[in-house]
Amino acid sequence: MKEYWTALASLMGALAFLQGVLHAVFPTELRAAVARLLGRVTRAFSPYCYFDVTEMDGMSTNEIYDAVQLYLSSTAAPAAGARLSLSRPLNASSFTFGLAASDRVVDSFRGAAVTWEHVVAPRQGQGFSWRPLPEEKRRFTLRIRRGDRDKLLPAYLDHILAAAVDIRRRSQDRLLYTNARGGAMDTRGLPWDPVPFKHPSTFDTLAMDPASKAAIMADLRDFADGSAFYERTGRAWKRGYLLYGPPGTGKSSMIAAMANYLGYDVYDLELTEVGSNAELRKLLMKTTSKSIIVIEDIDCSVDLTNRVAAPPAPKPRPNIDGTINQDGGTGAGRSITLSGLLNFTDGLWSCCGAERIFVFTTNHVEKLDPALLRSGRMDMHIFMSYCSFPALRILLKNYIGFQGDELDHPSDSDDGAAVMQGLEEWIDSAEITPADVSEVLIKNRRNGKKEAMRELLDLLKARAEKRRRNSCTVAVTAKEGGDNEEEEEKRALESPKEGKEQAGIDSCRDGQDEEAEAKKQV
């Protein structure tokens, strides 16, 4: 054993002596050239090709590096044996996984296997800089087979960028924007004031007919996945929805459900705070893609029914850029017109962004100008009706925990079956909104399921009876009005005849009086 360690020490000493001789005889430049040559020879016979994605591109951040990091967070999370780093970005609603230093993960695209390796190395000492660089150099190394290069690049990188955008949008909190009063701008120079959007409404909790909800969800999904379709057909990637119906039927909840379903931000546009068509156009330019632009109560926000008459001149107000329009008090261009709103939804300026949804709401669709309702501006008209029995089932499940099997087979006694049958019988004739049903269920949710349902049934019967009495009163009034009209018509027809007879009697009397006067004179 002693001889073995002696021989090993002698070999190590000989190698150190040989290394010293090589460093003394061969200069550094020659050794580097030989190393590069050996690397090229090795890569020439290797079946793989390598691509480095560095964190820094000069003095700026490499966009592809961030995209790969986000993309691998969804790929590396379920990988067995991988050492992962855990983080949560600012304004994010979920955690993000990432590869640790010098770890690998395998991915596949179009049937080809790829390998990602995260390489971290210390950065050499740097001199003075106005923008100091990170202490470590980070990069992702992509290894693919040479035969798969044309199949993977650049399609694989485009797939990673698109997936990273989707992950970033879904992990971040959604925002609700509203236009600032008078066109004022915030600290970032934007005319929109954002707040976190936390509305819990979803299509599962929305009280609506299931078939209608399924049709709306399918239309939204086709729109979100229709980039290639809109590009092939030459159409702008946008879509318009009109929500109309009585108050309290869930139009705002529908908008929130659409935003939560697609993961879009919401822009609530208040038209009364917009001074001109130019200001409206600037607001549109400051919206982002993948967003829902909402104009609620379009029929009563501003007067858009008169196309001819000139609107009154409003008071001077600041523009979005902070300047004040001095028009000499004429008010020219200082009000929103129907043409300006139509260009906002379907003009050239509406195509400056992609993947936008315009949603208009109204309680009186008959008051809207027909130009607003045509296809291309409002592609889908959704009637938010009174509460139906399928919608009532959803509300009962949401508020008092009544499950579907309990609705189909009421549990304990015949009393429960009678209550359910009464709800189904009276719900259509009562014409009650989901908001009114929700209010009754909220008030009685602590009294038990049966008591809440009985209270709701009593309300439905009272409303149905009231509507029946009102309809009877209207019918009687209409009948009496019709009888009165018939009597007036008869009187009108008889009055000329009576007038003629009276005129004949008067003329005869006048003739007799004149004859008697003549005899007296003779």
Side-chain angles (χ1 to χ4, degrees), residues 93 170 173-176 196-225 239-268 290-298 357-363 365 378-408 420 423-424 427-428 430-443 445 449 452-453 456 459-460:
S93 58
R170 293 189 177 276
D173 291 335
R174 283 176 291 279
L175 297 176
L176 172 63
F197 183 70
K198 299 291 186 180
H199 202 293
S201 176
T202 62
F203 279 105
D204 293 332
T205 61
L206 189 64
M208 192 177 182
D209 182 66
S212 301
K213 283 198 297 186
I216 296 171
M217 294 170 65
D219 188 78
L220 290 173
R221 180 50 52 194
D222 290 342
F223 170 78
D225 299 336
R239 193 155 180 82
Y241 291 85
L242 176 67
L243 308 181
Y244 66 98
T249 51
K251 292 184 283 294
S252 299
S253 299
M254 169 65 76
I255 297 172
M258 294 168 65
N260 290 328
Y261 180 69
L262 296 176
Y264 287 4
D265 293 334
V266 180
Y267 288 85
D268 185 13
K290 298 182 181 296
S291 60
I292 299 177
I293 302 174
V294 181
I295 303 179
E296 294 194 273
D297 298 327
I298 184 62
I357 294 178
F358 293 89
V359 178
F360 284 30
T361 68
T362 180
N363 297 332
V365 68
M378 297 296 110
D379 302 289
M380 194 170 185
H381 297 191
I382 303 174
F383 176 58
M384 308 297 293
S385 62
Y386 290 105
C387 187
S388 60
F389 187 67
L392 178 62
R393 294 163 66 103
I394 298 175
L395 293 176
L396 292 175
K397 179 181 178 181
N398 294 341
Y399 287 96
I400 61 177
F402 225 77
Q403 299 298 327
D405 52 354
E406 297 180 62
L407 291 171
D408 295 331
M420 283 303 304
L423 291 175
E424 185 177 4
I427 185 67
D428 293 330
E431 287 192 357
I432 188 172
T433 63
D436 294 333
V437 174
S438 302
E439 186 65 24
V440 174
L441 296 179
I442 289 174
K443 289 180 180 179
R445 69 183 185 276
K449 300 178 182 179
M453 293 167 59
L456 179 59
L459 177 63
L460 295 182

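All heavy atoms count here, side chains included; hydrogens, waters and symmetry mates do not.
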S.K.: Would you mind reporting whether I394 and L206 have side-chain heavy atoms less than 4.5 Å apart?
M.R.: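 The answer is no, as the side chains (C-beta and beyond) never meet within the 4.5 Å cut-off.
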S.K.: Could you measure the distance from the OG1 atom of T249 to the CG atom of D436? Nearest 0.5 Å is fine.
M.R.: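 So the gap between those two atoms works out to 10.5 Å.
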S.K.: Is a donor on one side and an acceptor on the other found under 3.5 Å between the side chain of K251 and the backbone of P246?
M.R.: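 Between the backbone of P246 and the side chain of K251 there is a qualifying donor-acceptor contact (under 3.5 Å).
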S.K.: Would a 4.5 Å heavy-atom cut-off, applied to side chains only, mark I382 and S212 as touching?
M.R.: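 The answer is no; the side chains never approach within 4.5 Å.
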S.K.: With a 3.5 Å distance limit and no angle check, can you tell me whether D265 reaches the backbone of S291 through a side-chain donor-acceptor pair?
M.R.: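 No: the side chain of D265 does not pair with the backbone of S291.
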S.K.: Quick check: closest heavy atoms across G248 and P434, and the distance to 0.1 Å?
M.R.: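 The pair with the smallest heavy-atom distance is O-CD, 3.5 Å.
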S.K.: Closest heavy-atom contact between V359 and I292?
M.R.: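 V359 and I292 have their closest heavy atoms at CG2-CG2, 3.7 Å.
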S.K.: About how many Å separate CG of D219 and CE of M258, when rounded to the nearest 0.5 Å?
M.R.: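 It is 8.5 Å, given to the nearest 0.5 Å.
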S.K.: Would you say T362 and E296 make side-chain contact, with heavy atoms under 4.5 Å?
M.R.: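 Sidechains of E296 and T362: no contact.
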S.K.: NZ/K213 to OG1/T202 distance, rounded to the nearest 0.5 angstrom?
M.R.: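 It comes to 8.0 Å.
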S.K.: Nearest heavy-atom pair of N260 and S201: which atoms, and what distance?
M.R.: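 Here N260 and S201 meet closest at ND2-O, 2.7 Å.
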S.K.: Within the 4.5 Å heavy-atom criterion, are L262 and I357 side-chain neighbours or not?
M.R.: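 Sidechains of I357 and L262: in contact.
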S.K.: Closer than 3.5 angstrom, by distance alone: can the side chain of T361 be matched with the main-chain N or O of D297 as a donor-acceptor pair?
M.R.: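 Such a contact is found between T361 side chain and D297 backbone.
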S.K.: Keeping the roles fixed (side chain from D268, backbone from L176), state whether a donor-acceptor pair exists under 3.5 Å.
M.R.: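 Flag not set: sc D268 to bb L176 has no pair under 3.5 Å.
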S.K.: Can you check whether F389 reaches M420 side chain to side chain, under 4.5 Å on heavy atoms?
M.R.: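 Sidechains of M420 and F389: in contact.
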S.K.: Within this structure, what is the CD1-OH distance for the pair I216 and Y261, rounded to the nearest 0.5 Å?
M.R.: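 So the gap between those two atoms works out to 11.5 Å.
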S.K.: Nearest 0.5 Å please: distance from the SG atom of C387 over to the CG atom of D428.
M.R.: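 With rounding to 0.5 Å, SG (C387) is 9.0 Å from CG (D428).
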S.K.: Run L220 and Y241 through side chain to side chain contact (heavy atoms under 4.5 Å, CB included) and show every step you take.
M.R.: CA-CA 10 Å; L220 290 173; Y241 291 85; 3.3 Å; yes
S.K.: Carefully, step by step, assess T433 and Y386 under the rule side chain to side chain contact (heavy atoms under 4.5 Å, CB included).
M.R.: CA-CA 5 Å; T433 63; Y386 290 105; 3.7 Å; yes
S.K.: Is N398 reaching over with its side chain to a backbone N or O of T205, donor-acceptor style, under 3.5 angstrom?
M.R.: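 Flag set: sc N398 to bb T205 pair under 3.5 Å.
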S.K.: As a quick check of understanding, evaluate side chain to side chain contact (heavy atoms under 4.5 Å, CB included) for M453 and I400, giving each step before the final call.
M.R.: CA-CA 9 Å; M453 293 167 59; I400 61 177; 4.1 Å; yes
S.K.: From F203 CZ over to M254 CE, what is the distance, rounded to the nearest 0.5 angstrom?
M.R.: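 Result: 5.0 Å between the selected atoms.
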S.K.: Ring centroids only, cut at 6.0 angstrom: are Y244 and F383 within range, meaning strictly under it?
M.R.: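 Close enough - the centres of the two rings lie under 6.0 Å apart.
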S.K.: Checking R445 side chain against I442 main chain: does a donor-acceptor pair fall under 3.5 Å?
M.R.: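 At least one qualifying donor-acceptor pair exists.
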